[in-house]
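Because the structure is a prediction, the values reported are computed rather than measured. The figures that follow rest on heavy atoms only: side chains count, while hydrogens, waters and symmetry mates do not.
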Amino acid sequence: MAGKLQLPPLQVLVVFEAAARHGNFTAAGSELGLSQPAVSQRIQLLESLLDAPLFERRHRGVQLTEAGNSLYHIVRSSLNDISEQLERTRHQRSVLRIDTDMGFASYWLMPRMNAIQALIPGVEVQVSTSPNDYNFRDSNAPLTICFGGGNWPGAQAQRLFPENVVPVCNQHIKRELGDNPDPAALLRFPLLKLPDTRPQRWLTWEDWFRQQRLQPGDIIASRTFNAYSLVVQATLEGQGIALGWRPLIAPLLASGELAVCGPEMRTERGYFLISSATKPLSPQQQKVKSWLLDEAWNFHHSGIALP
C-alpha cells in the first residue's frame, strides 16, 4: 500500500523503550546486554525510519523529544500488552476436548475420566455433549465418540462397540414377567423410548418386536423421553420397560438395578471413535485415542458386558 510506513524490527522498539525509560544509552545497553554504540545505532535506525529526532543528546544522558515522548508511551504500552499476553499464554493449560452424546458421556465416559486425566497430567480434559449426529465440518474436537453407521466423510472412524440392544426393566417388573418371558408379555407394560428420527438413527421397539415376529402395529410405546438418561431413570423407577444399549446399561445390569427381560438384538451400527483423516493428532491426543480403543476392547470382552 503506497505511503504505508514500514514497521521497525521489534528489537529496535525494545531498545528504544529501554533507552527512553533510563534516559541513558549505556544503562539501556547494560539492561539488554548491548554495548552503548549498538544502542545508539538502533536508535539512529529508528530516527531515520521516522525521519524525526527522538532524543536530545546531552552531556549526562539523553532526553526525549516531543515526538520521542509520544512514541515512548505507545511503545511501552504495547510491549506491556505483549508481555502480559505471552505470560498468560505460557501459563494457559492445554485442553483436550472430547465430543459425544449425553448417554455415552454419563454412563461410560464419566466413570473413566480420572483414568483419562491420569494419562495426560497438566492437560484439561473437556467433555462436550450434543444430541446431533456427527458433522466433520462443524466439529472442533480432535476426538469424538458418536453413534452411527461408521461412514463420516473426511473422518477416520474406528468402532468402539457394536449396537447390542436388550429389553431391560427393574427387579419389580422382572418378577412380574418371570424368567424367559414371551416377547408379547412385554406389551403389558409401558414401553419407554427415545423420539423417532428420520432417517432412523438407532434401533427401535418396532425393530425389536419385528425380530420377535410380532407385528409393529401391535406396539404402543406409551412414554417418550428426549434424553436416554431420562429413559434409564424411568426404567429404574419401574415406569416401564426400555431398550438397553450396551455398554451404557452394563454397570446397571451388573449391580442388579436393571435386569434383562428379552432377547438381544444386534445391528451394524455402533459407537465409533472419530478423528480427522487428514490432521494428525498430537502425542497426547493419540495417547487418549489408543487408551479409549483398548478400554473399549477390554470392556466389550469382559464379564461386565454380558447379562
Side-chain angles (χ1 to χ4, degrees), residues 100-112 129 131 145 147 160-197 200-271 295-307:
T100 188
D101 61 57
M102 182 63 76
F104 193 88
S106 299
Y107 295 111
W108 197 85
L109 192 59
M110 292 305 293
R112 291 165 173 77
T129 64
I145 300 170
F147 188 87
L160 296 175
F161 304 101
E163 183 181 32
N164 286 341
V165 181
V166 289
V168 292
C169 60
N170 72 359
Q171 292 296 339
H172 177 75
I173 293 180
K174 176 65 174 177
R175 285 192 293 272
E176 289 191 45
L177 285 170
D179 295 331
N180 301 315
D182 186 279
L186 274 60
L187 293 170
R188 305 198 326 254
F189 298 89
L191 302 178
L192 314 178
K193 68 166 190 171
L194 291 167
D196 294 332
T197 61
Q200 182 179 318
R201 291 177 57 192
W202 42 70
L203 192 141
T204 66
W205 272 117
E206 285 77 9
D207 296 325
W208 187 85
F209 277 105
R210 189 179 296 114
Q211 189 185 58
Q212 313 312 314
R213 297 183 178 159
L214 293 174
Q215 292 300 317
D218 297 334
I219 300 170
I220 301 175
S222 58
R223 294 180 190 173
T224 301
F225 302 87
N226 69 349
Y228 191 63
S229 58
L230 297 177
V231 174
V232 172
Q233 185 61 37
T235 310
L236 290 168
E237 293 176 359
Q239 295 184 26
I241 301 173
L243 292 174
W245 274 261
R246 306 182 191 277
L248 306 188
I249 46 84
L252 298 173
L253 294 177
S255 68
E257 295 173 85
L258 292 179
V260 172
C261 55
E264 182 170 307
M265 184 174 177
R266 177 170 177 167
T267 77
E268 293 303 313
R269 293 182 296 257
Y271 276 103
E295 181 72 2
W297 191 93
N298 292 333
F299 182 90
H300 185 61
H301 291 83
S302 69
I304 195 171
L306 301 173

*Does Arg112 have any salt bridge (charged side-chain N to carboxylate O under 4.0 Å, His left out) partners at least two apart in sequence or in another chain, and if so, which?*
Glu295
*Who passes side-chain hydrogen bond (donor to acceptor under 3.5 Å, both in side chains) against Asn164, sequence neighbours left out?*
none
*Got a sec, which residues hit side-chain hydrogen bond (donor to acceptor under 3.5 Å, both in side chains) with Gln200, two or more places apart in sequence or on another chain?*
Asp207
*Atom of Gly240, atom of Thr235 and distance for their closest heavy-atom approach*: O-CG2, 3.9 Å
*Taking only residues two or more places apart in sequence or in another chain, which ones pass ring pair (Phe, Tyr, Trp, His ring centres under 6.0 Å) with Phe104?*
Trp108, Tyr271
*Taking only residues two or more places apart in sequence or in another chain, which ones pass side-chain hydrogen bond (donor to acceptor under 3.5 Å, both in side chains) with Tyr228?*
none
*Between Ala234 and Phe225, what is the shortest heavy-atom contact and its length?*
CB-CZ, 3.7 Å
*Taking all non-hydrogen atoms of both residues, which atom of Pro263 and which atom of Pro167 are closest, and how far apart?*
O-CD, 3.4 Å
*Measure the spacing between CG of Leu191 and OG1 of Thr204 and express it to the nearest 0.5 Å.*
11.0 Å
_Let me confirm one number: the OH-CH2 distance from Tyr107 to Trp245, rounded to the nearest 0.5 Å._
12.5 Å
*Distance-only, no hydrogens or angles: does the Arg266 side chain make a donor-acceptor pair with backbone N or O of Pro162 under 3.5 Å?*
no
*Pairs flagged by salt bridge (charged side-chain N to carboxylate O under 4.0 Å, His left out) wherever residues 161-184 is involved - sequence neighbours left out*: Glu163-Arg269
*Report, as yes or no, whether the 6.0 Å neighbourhood of atom CD on Glu268 holds more than 12 heavy atoms from other residues, nucleotides or ligands.*
no
*Sequence neighbours left out, what passes side chain to side chain contact (heavy atoms under 4.5 Å, CB included) with Met102? Give chain and number order.*
Ser106, Thr129
_I want to check something: taking the side chain as every heavy atom from C-beta on, are Trp202 and Thr267 in contact at a cut-off of under 4.5 Å?_
no
*Shortest non-hydrogen contact between Ile249 and Val232, atoms and distance*: CG2-CG2, 4.4 Å
*So how far is it from Leu253 CG to Leu248 CG, rounded to the nearest 0.5 Å?*
11.0 Å
*Shortest non-hydrogen contact between Cys261 and Pro181, atoms and distance*: O-CG, 3.6 Å
*How would you list, by chain and number, every residue that makes a side chain to side chain contact (heavy atoms under 4.5 Å, CB included) with Ile173, sequence neighbours excluded?*
Cys169, Asn170, Leu177, Phe189, Ile241
*From Thr224 atom OG1 to Asp196 atom CG, the distance as rounded to the nearest 0.5 Å*: 7.0 Å
*Looking at residues at least two apart in the chain, or sitting in another chain, which of them share a side-chain hydrogen bond (donor to acceptor under 3.5 Å, both in side chains) with Glu257?*
Ser255
*Indicate the atoms forming the closest heavy-atom contact of Trp208 with Pro183, along with that distance.*
CH2-CB, 3.8 Å
*Sequence neighbours excluded, which residues qualify as side chain to side chain contact (heavy atoms under 4.5 Å, CB included) partners of Gln211?*
Met265
*Hey, does Leu186 have a side-chain heavy atom less than 4.5 Å from the side chain of Phe209?*
yes
*Say you draw a straight line from CZ of Phe147 to CZ of Arg201; how long is it, rounded to the nearest 0.5 Å?*
9.0 Å
*Are Arg246 and Val166 close enough that some pair of their side-chain heavy atoms sits under 4.5 Å apart?*
yes
*Calculate, to the nearest 0.5 Å, the distance between atoms CG and CD belonging to Leu230 and Gln239 respectively.*
10.0 Å
